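Just so it is clear, the structure is predicted and the values come from calculations on it, not from any experiment. The chains referred to below are lettered A, B, ... by the order of the sequence lines, with proteins before strands, and numbering in each begins at 1.
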Protein chains: 2
Amino acid sequence: MTSTLFRERDALRSREAILDAAERLFAERGFANTSLSDVGAAAGLSRGTPSYFFGSKQDLYRAVLERCFAEVREAVRVGKERALASGQPTEVVLAGAVGEYVDFLAARPNFVRLIEWEALSDGDLSSEAGHHIGVAQEALTAFVQELGLRAELAGEAAQFLLSIIALSWFPLIHRSTIVRALGLDADAPDFLARRRQHVIDLVLSGLRARSAQANGAVAHPPSTSPTP
Amino acid sequence: MTSTLFRERDALRSREAILDAAERLFAERGFANTSLSDVGAAAGLSRGTPSYFFGSKQDLYRAVLERCFAEVREAVRVGKERALASGQPTEVVLAGAVGEYVDFLAARPNFVRLIEWEALSDGDLSSEAGHHIGVAQEALTAFVQELGLRAELAGEAAQFLLSIIALSWFPLIHRSTIVRALGLDADAPDFLARRRQHVIDLVLSGLRARSAQANGAVAHPPSTSPTP
DNA sequence: CATAACTTGCTGGATATCAAGCAAGCGACT
DNA sequence: AGTCGCTTGCTTGATATCCAGCAAGTTATG
């Protein structure tokens, strides 16, 4: 019998192992600070194997991003369909969607960090991250549709969506810096649930206030002005 | 007379020039992607000068961070004093403080990007970013004090403060990716004002809802639960 | 005042390290 | 024998760090 110490040779498995390793390392340390040696070693393979399967380092990076975005696109598609078909009241649908978004991101720290490196390095989305546009637009139209807004309020909706993303995203990036500096423990078992609820409450109260302001007369002045 | 083409030798000015150049380049491209040659050239000096003044690349980086944090500490201190002494109603004070925070960050893209690189690279705040703790704690106590909360609600306050930071911070990092993907134009002359107002409205409505829930009976159920 | 002795600000070559990419090689299986 | 999966040796380019040195001052000394 052949030794079981060495895995049998399997191109597909090795490819996936390299993708996994690269995703983890690129997410943790960024593109520039990850060497192909590191990737090979983390995949349990040699220095040269990443190049063998993916060509250049850039190409490997593209492959990693592509795999991540595919997952996100799918999640948005599914979430959108479910939300629009549910027939539940708007607030319930939104609360569910926001909560799921928080959980989705929290379960994918690699994805979040990858995008963050990307945003910092590139400056603009010209290169790889062009995928983002499509997903964001799809989410935005679903959001506008669910709120039953006319097109004129798309800017307002975009602000809200931007806020939802920011609220869900930020604590994951700064879990060990700002979050901890505020005395919160991102590793505590109930942190995620608390955060999820907080984000949902904040967004819903914001939307309620906004629609109250739009419908009724001027109950309170539009909002307090900051400059004296 | 001596030629005015060449600046007279001035150690302090050169030091500052190098700090400025390093801050800009580290913020734009990150630590790993900035060479000391780049820094020297950007400062109008030679390849070797950064090392001459600051020793190692790491030390130069530390000096840049230190200078940034000093500015932030000062801003927090001033803002805190002014807010607590103003005697205005809580909502006005908060709206002012939040708006100022948004503007403060928007005026300092270098700072925001620097911290973001730091958060991504380090993972934890052990090393350089330990400064953060102090500033965040000071802001938090001011916030709790302004709201007149008991210590038990510090966790709640921290969530709100975290949200304020996230809302103000995120669009600056993702101005060319997510913000643009949502159809917003971060370079439009009124984007900052709109965003400022949105953040203020969102935070204030959230706080109003929270205090209504705390004071009155259960007007609406605590909040809609996301899981089916 | 003049010259020498010394300091300070800054430069740019030399060296060493490290990583990407290429190509030759090697073992296993068909 | 040939192909596939993978490894290893080597080259080349980039860059951090060390250091010798120059030039513009500054102080001490005649």
Side-chain angles (χ1 to χ4, degrees), chain A residues 1-65 117 121 127-128, chain B residues 1-65 117-118 121-122 127-128:
Chain A
M1 73 192 293
T2 56
S3 160
T4 56
L5 272 179
F6 306 103
R7 282 189 306 214
E8 59 211 10
R9 294 145 67 102
D10 180 340
L12 251 76
R13 173 166 54 186
S14 293
R15 237 188 96 97
E16 286 299 304
I18 287 172
L19 268 182
D20 291 341
E23 178 181 314
R24 217 196 62 222
L25 291 176
F26 284 151
E28 278 174 12
R29 326 212 276 238
F31 181 80
N33 283 326
T34 301
S35 78
L36 293 179
S37 300
D38 294 338
V39 174
L45 293 164
S46 88
R47 186 161 60 74
T49 323
S51 302
Y52 172 74
F53 280 111
F54 294 93
S56 75
K57 193 185 177 186
Q58 269 296 334
D59 288 338
L60 171 60
Y61 183 63
R62 258 187 286 272
V64 166
L65 272 191
W117 283 113
S121 315
S127 55
E128 329 290 356
Chain B
M1 76 194 296
T2 55
S3 161
T4 56
L5 273 179
F6 306 104
R7 284 188 306 213
E8 59 211 10
R9 296 147 56 104
D10 181 340
L12 253 78
R13 173 165 56 186
S14 293
R15 239 189 95 97
E16 286 298 305
I18 287 172
L19 268 182
D20 291 343
E23 178 182 314
R24 218 195 63 222
L25 291 176
F26 285 150
E28 278 173 13
R29 329 213 277 239
F31 181 80
N33 284 325
T34 302
S35 78
L36 292 181
S37 300
D38 295 337
V39 174
L45 293 164
S46 88
R47 187 161 60 73
T49 323
S51 304
Y52 172 74
F53 279 111
F54 294 94
S56 75
K57 194 184 176 187
Q58 269 295 335
D59 287 338
L60 171 57
Y61 183 63
R62 256 186 287 271
V64 167
L65 273 191
W117 283 112
E118 187 62 16
S121 314
D122 269 28
S127 55
E128 329 291 356

[X] [atom1] to [N] [atom2], straight-line distance once rounded to whole Å:
{"X": "R9(A)", "N": "dC6(D)", "atom1": "CZ", "atom2": "P", "answer": "6 Å"}
{"X": "K57(A)", "N": "dC18(C)", "atom1": "NZ", "atom2": "C1'", "answer": "11 Å"}
{"X": "F54(A)", "N": "dC6(D)", "atom1": "CZ", "atom2": "P", "answer": "12 Å"}
{"X": "D59(A)", "N": "dG21(C)", "atom1": "CG", "atom2": "P", "answer": "9 Å"}
{"X": "I18(A)", "N": "dG5(D)", "atom1": "CD1", "atom2": "C1'", "answer": "11 Å"}
{"X": "R15(B)", "N": "dG9(C)", "atom1": "CZ", "atom2": "C1'", "answer": "14 Å"}
{"X": "Q58(A)", "N": "dA20(C)", "atom1": "CD", "atom2": "P", "answer": "11 Å"}

Report the distance from atom [atom1] of [X] to atom [atom2] of [Y], rounding to the nearest 0.5 Å.
{"X": "I18(B)", "Y": "R13(B)", "atom1": "CD1", "atom2": "CZ", "result": "12.5 Å"}
{"X": "S121(A)", "Y": "W117(B)", "atom1": "OG", "atom2": "CH2", "result": "4.0 Å"}
{"X": "S14(A)", "Y": "L19(A)", "atom1": "OG", "atom2": "CG", "result": "11.5 Å"}

If you look only at pairs with a residue in residues 48-57 of chain A, which of them pass as a salt bridge (charged side-chain N to carboxylate O under 4.0 Å, His left out), with sequence neighbours excluded?
none
Which residues satisfy the salt bridge (Lys or Arg N to Asp or Glu O under 4.0 Å) test with D20(B), sequence neighbours excluded?
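By the salt bridge (Lys or Arg N to Asp or Glu O under 4.0 Å) rule, D20(B) matches R67(B).
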Apply salt bridge (Lys or Arg N to Asp or Glu O under 4.0 Å) to R15(B) and list each qualifying residue two or more places apart in sequence or on a separate chain.
none
Please determine, for the side chain of A11(B), which listed nucleotide (dA20(C), dG5(D), dG9(C)) has the closest atom?
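Ranking dA20(C), dG5(D), dG9(C) by closest atom to the A11(B) side chain puts dG9(C) first.
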Look at the side chain of Y52(B) and decide which nucleotide, out of dG27(C), dG9(C), dT17(D), has an atom nearest to it.
dG9(C)
Distances under 3.5 Å between nitrogen or oxygen atoms of protein and nucleotides 12-14 of chain C:
residue, atom, partner, partner atom, Å
dG13(C), N7, R47(B), NH2, 2.5
dG13(C), O6, R47(B), NH1, 3.3

When you check the phosphate oxygens OP1 and OP2 of dA20(C), does a side-chain N or O of S56(A) lie under 4.0 Å from one of them?
no
Establish, from distance only, whether the side-chain atoms of E118(B) and Y61(B) form a donor-acceptor pair under 3.5 Å.
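Yes, because at least one side-chain N or O of E118(B) sits under 3.5 Å from a partner of the opposite role on Y61(B).
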For DNA chain C, which residues of residues 30-38 of chain A approach it to below 4.0 angstrom with any heavy atom?
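Listed by number, they are T34(A), S35(A), L36(A).
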Side-chain donor-acceptor contacts of residues 27-35 of chain B below 3.5 Å, not counting sequence neighbours, with atom names and distances?
residue, atom, partner, partner atom, Å
R29(B), NH2, D38(B), OD2, 2.6
T34(B), OG1, L25(B), O, 3.3
T34(B), OG1, G30(B), O, 2.8
S35(B), OG, S37(B), N, 3.4
S35(B), OG, D38(B), N, 3.1
S35(B), OG, D38(B), OD1, 3.4
S35(B), OG, D38(B), OD2, 3.2

Please walk me through it: do L60(B) and F26(B) pass side chain to side chain contact (heavy atoms under 4.5 Å, CB included)?
CA-CA 10 Å; L60(B) 171 57; F26(B) 285 150; 4.2 Å; yes
